[in-house]
Structures are given as structure tokens and as C-alpha cells.
Amino acid sequence: MADEQQSGQEKTEQPTERRKNESKKKGQVPRSRELNTMLSLIFGALGLLVLGGSISSELSSLVETSFSFDREVAFDKDMIPVHLMGTIMSALLILTPFFLVMVVGSFIGPLAMGGWSFSPSSMAFKLEKLSPLKGIKRVFSAKGLLELLKTLFKFLLLISAAIILFNLNIDKILNLGVETPTQAFSHATSLLIWSLLVLSFTMIFIVIFDVPFELWDHTRKLKMTRQEIKDELKESEGRPEVKSQIRAMQREASQRRMMDAVPTADVVITNPTHFSIALKYVDSPGAAPMVVAKGRDLIAFKIRSVAIENNVAIFEAAPLARALYASTEIGDEIPHNLYLAVAKVLAYIYQLRMSVAGDQVAPPEEFVIPDEYKDNFDSDIGETDESDAGRSDTGEWQ
């Protein structure tokens, strides 16, 4: 509340994943004590139901053998502690499976509610936890009042269930006094197990309200103001490693989409080694060839490799490739003053496709490339590599 008053904003926004992770690192996870108690009791009752018979018989035999010993042992002060310790260890060994079941039950509740969370910071000593004033505030807070109401409701619920069970089993309880010790012990164990199981399940009426409330309360405490979300977003995006990772992912996704479009191209115009531009032409009124992929150096090599794998025509025209690379972006139609040069290339490619074996199709000898594209190339891309210098097999800058 103090934070809200200072910032002047209400915490109306749902917590981000980062906020949730930070909260979990601090050990702040939703927990329901009622759920943990109910599951522990249910597992205990089920453990007794499954293991109660063997535990009862083994404990009966242990009691019988423990009180049957020689006269020498009874009067030997050194043997009595040894005999007692052996009896205790035997009893613990008999009860170990039951204890293991209880441990499993005690872990299921926290794991189901908020997951596994171990935070050394939550166990650290904090002087403020010893403050009587804060303790009084917690007692008389809305949370403290709710805990008091839950405790009273739980007490009344369990007392009512216990009274009903007692009235239903009063005859069986009274009959225990007239049975043999073995029968009485067996029947008493059975009554105890079923009574514990019924009492455990009565706590469902508390759990069905407590679990949703604890989840809601935990989310409410983690809610953020709009300013906090903006600040977190700025902080996350402002980290150099995050920005670098985002840019790398964007480049990778863009290249992957571009390479997927190369097989749909009609021709790839190359430099031949430093630039590659993939063009696609859709024969419709007013349409111009469109750039579906472009790249230089390694990316240019990848474009050519994909084109070869998918039988896309590759045409070497260094000046035209440079002009197209400098003046277009992926998804753009080619500039109108390069229509004629590209049309010559496409016409040559179409003639090759339509020709039969033995036909000679002459490639275009020259292209008219305006000087403005040479200027763009020099300013935007850089000087021409020596490997391209003097190449005039398919055209000159004119």
C-alpha cells in the first residue's frame, strides 16, 4: 500500500514472468497449510489402512516379546537399557514404511500448489521479524482475521465430525472392553484408521476455499503498476546481451524466410560471387518483377546454393546485380528504369526453358544501367571488389 501511495498508481497489471521468477527465487510461492494438513492426514490414514494390519501384528508380537525376558535380565541394571533400546529400534523399524508414506504426503501439497522452491534468503535472519509491533499488525490485519476464521471453522468442522463418528461407533467402542486384547487391539486400530480417514476428508470443505484464495492472494501481492511494467521492459530491452540476442533472432528469422522464398524465384542475378538477387515475376497487368531475396558474400552464396538445389536459373550480370542490390529491398518491385534490363534477362530465361535440345539461345549482350545506380552503389555499399573490376561480359555502366 505504501508503494502504491508513493507512486500514485494502483497495482492493476498482472505480474510478468520475470516478477514471478524473482518472487520464486525469494521463496515467495503460494502455499496452503490446509491443503498440506489434509494431504498429510489422508496419506497417514491410507498408510494405516494398507499397512495397519502388518504393523498391528508386528507391534503386538514386539510388545509380547519385550515383556517376556529372563529373571537375570530383569535384575541386571546394565541389560535393561540395552533391552529397552532394542525394543525402541525394533518399533521404529516397524513404523518406518508408515513414516515414509507420511513424508510423501507432506511433500505432495507444496509441490502441487507452488512447486519446489528452496531459497536461502527466506531462511536468513531478519531483525524485523522479531518486531512486536509488526507481529501485532499481522494479528489484527485482514489476513490474520481470515486465519482466525479458518481456524474456528476447522475446529467446529472437526469437532462436529468427531461427535458424529463417536455416536455412530459408540457400540463398537464399548465392546472393546469385553474383547480379548488381540481382538480389541485389532478393532481399535480399524476404528482409528477409518475415523482418521473420515476426519481428513472433512477438511476438503476448507481446502476448496483456501487454495483458490491463496493463489489469488499471491497473485494480488505480485501485481504491478503500469510504470513498473514499463520500467521492467526498458531494463530488459536495455541490456546489451538481450538486444544482441533479439537482433540475432530477428536476423535468423528474416534469413530463414528469405531462403524459403528463393525456390519460388524465376531467376537469381549474380555479381557473380559477391551479390545475389532473386527475382520473381507474376504475369498480371501492371505488375513488375519483385525481389524475394538478396544478399552479399556468404548470404549471396547461400542464395545461389538454394537456387541450384531447386533448379532456379542463375544469371551472371555484375552491373545489374549491383544496381538491384543498391536500389531495392526484399518485397520491393524493381525500379522502373531497370525494367528493360531485367526484361532481357527474364526473356532469355524463358527462351531457355522453352527451347529443345540443340537449340542455341543467345544471352543478352549488354544492359543499359543508369549512372545514378552506380552512384548509389559507391555510397551505400562500398567500392567494387578487385575480383569484379573490369568485368564486362554481360554489360557496362552507361
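No chain of hydrophobic side-chain contacts below 4.5 Å, direct or via other Ile, Leu, Val, Met, Phe, Trp or Tyr residues, connects Phe301 to Ile269. Cluster annotation: Leu100 is not connected to Leu39 through the hydrophobic network of ILVMFWY side chains, with a link wherever side-chain heavy atoms come within less than 4.5 Å. Under a hydrophobic-cluster definition in which Ile, Leu, Val, Met, Phe, Trp and Tyr are linked whenever side-chain heavy atoms come within less than 4.5 Å, directly or via other members, Leu197 and Val101 are assigned to the same cluster. Residue Leu340 is not grouped with residue Leu338 when hydrophobic side chains (ILVMFWY) are merged at heavy-atom distances under 4.5 angstrom, including chains of intermediate members. If you chain together hydrophobic residues whose side chains sit under 4.5 Å apart, Val50 and Phe99 fall into the same group.
Note: Glu333 CD to Thr328 OG1 = 11.5 Å, rounded to the nearest 0.5 Å. Atom OG1 of Thr37 and atom CD1 of Ile42 lie 11.0 Å apart (nearest 0.5 Å). With values rounded to the nearest 0.5 angstrom, Phe153 atom CZ is found 14.0 Å from Leu148 atom CG. Here the OG1-CZ distance, from Thr270 to Arg304, works out to 6.0 Å after rounding to the nearest 0.5 Å. Taken from CZ in Arg257 to CD1 in Ile330, the straight-line distance is 9.0 Å, to the nearest 0.5 Å. His187 contributes atom NE2, which lies 7.5 Å from atom OG of Ser190 (distance to the nearest 0.5 angstrom).
Glu309 pairs by the salt bridge (Lys or Arg N to Asp or Glu O under 4.0 Å) definition with nothing, not counting sequence neighbours.
The shortest non-hydrogen separation linking Lys294 to Tyr325 is NZ-O, 2.8 Å. In terms of heavy atoms, Ser276 sits closest to Ala300 at OG-O, 3.2 Å. Closest approach of Tyr281 and Asp266 over heavy atoms only: N-OD2, 2.6 Å. Considering all non-hydrogen atoms of both residues, Ile108 and Phe43 come closest at CD1-CZ, 3.2 Å. Here the shortest heavy-atom pairing between Val262 and Val312 reads O-CG2, 3.8 Å. Of all heavy-atom pairs between Ile55 and Phe98, the closest is CD1-CB, 3.9 Å.
No more than 12 heavy atoms of other residues, nucleotides or ligands lie within 6.0 Å of NZ in Lys280, so this atom counts as exposed by the packing criterion. Counted within 6.0 Å of CZ on Phe213, heavy atoms from surrounding residues, nucleotides or ligands total more than 12; the atom is thus considered enclosed. Taking a 6.0 Å sphere around OH of Tyr348, one finds it holds more than 12 heavy atoms contributed by other residues, nucleotides or ligands. The 12-atom threshold is not exceeded at CZ of Phe166, counting heavy atoms of other residues, nucleotides or ligands nearer than 6.0 Å.
A donor-acceptor pair under 3.5 Å is absent between the side-chain atoms of Ser195 and the main chain of Leu192, judged by distance alone. Looking at Ser106, its side chain does come within 3.5 Å of a backbone N or O of Val103 through a donor-acceptor pair.
Listed by first and then second residue, the side chain to side chain donor-acceptor pair (under 3.5 Å) pairs that reach into residues 151-168 are Glu34-Lys154, sequence neighbours excluded. Every pair passing side chain to side chain donor-acceptor pair (under 3.5 Å) that includes a residue from residues 207-221 is listed here, sequence neighbours excluded: Ser32-Asp210, Lys143-Glu214, Lys150-Asp210, Asp217-Arg220, Asp217-Lys221.
Counting only heavy atoms from C-beta outward, the side chains of Trp194 and Leu49 approach each other to under 4.5 Å. Between Leu59 and Ile94, the closest side-chain pair of non-hydrogen atoms falls below 4.5 Å. Contact of the Leu324 side chain with the Phe275 side chain is not registered, since no non-hydrogen atoms from C-beta on lie closer than 4.5 Å. In this structure, Val291 and Leu279 have side chains that are in contact, with non-hydrogen atoms separated by less than 4.5 Å. A 4.5 Å side-chain heavy-atom check between Arg256 and Met259 finds every atom pair outside the cut-off.
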| message | Could you walk me through whether Met38 and Leu35 satisfy the side chain to side chain contact (heavy atoms under 4.5 Å, CB included) test, starting with their C-alpha distance in whole Å, then the side-chain angles of each, then the deciding distance to 0.1 Å, before giving a yes or no? | response | CA-CA 5 Å; Met38 185 193 75; Leu35 176 64; 4.2 Å; yes
| task | Take Ile334 and Met290 through the side chain to side chain contact (heavy atoms under 4.5 Å, CB included) test and state the conclusion after the steps. | result | CA-CA 6 Å; Ile334 64 172; Met290 183 177 65; over 6 Å; no
| Stepwise side chain to side chain contact (heavy atoms under 4.5 Å, CB included) check, Glu316 with Ile314 | CA-CA 7 Å; Glu316 179 183 333; Ile314 298 178; over 6 Å; no
| query | After noting the C-alpha distance and the side-chain angles of His274 and Asp297, does the key distance pass the side chain to side chain contact (heavy atoms under 4.5 Å, CB included) rule? | reply | CA-CA 5 Å; His274 296 286; Asp297 299 330; 3.3 Å; yes
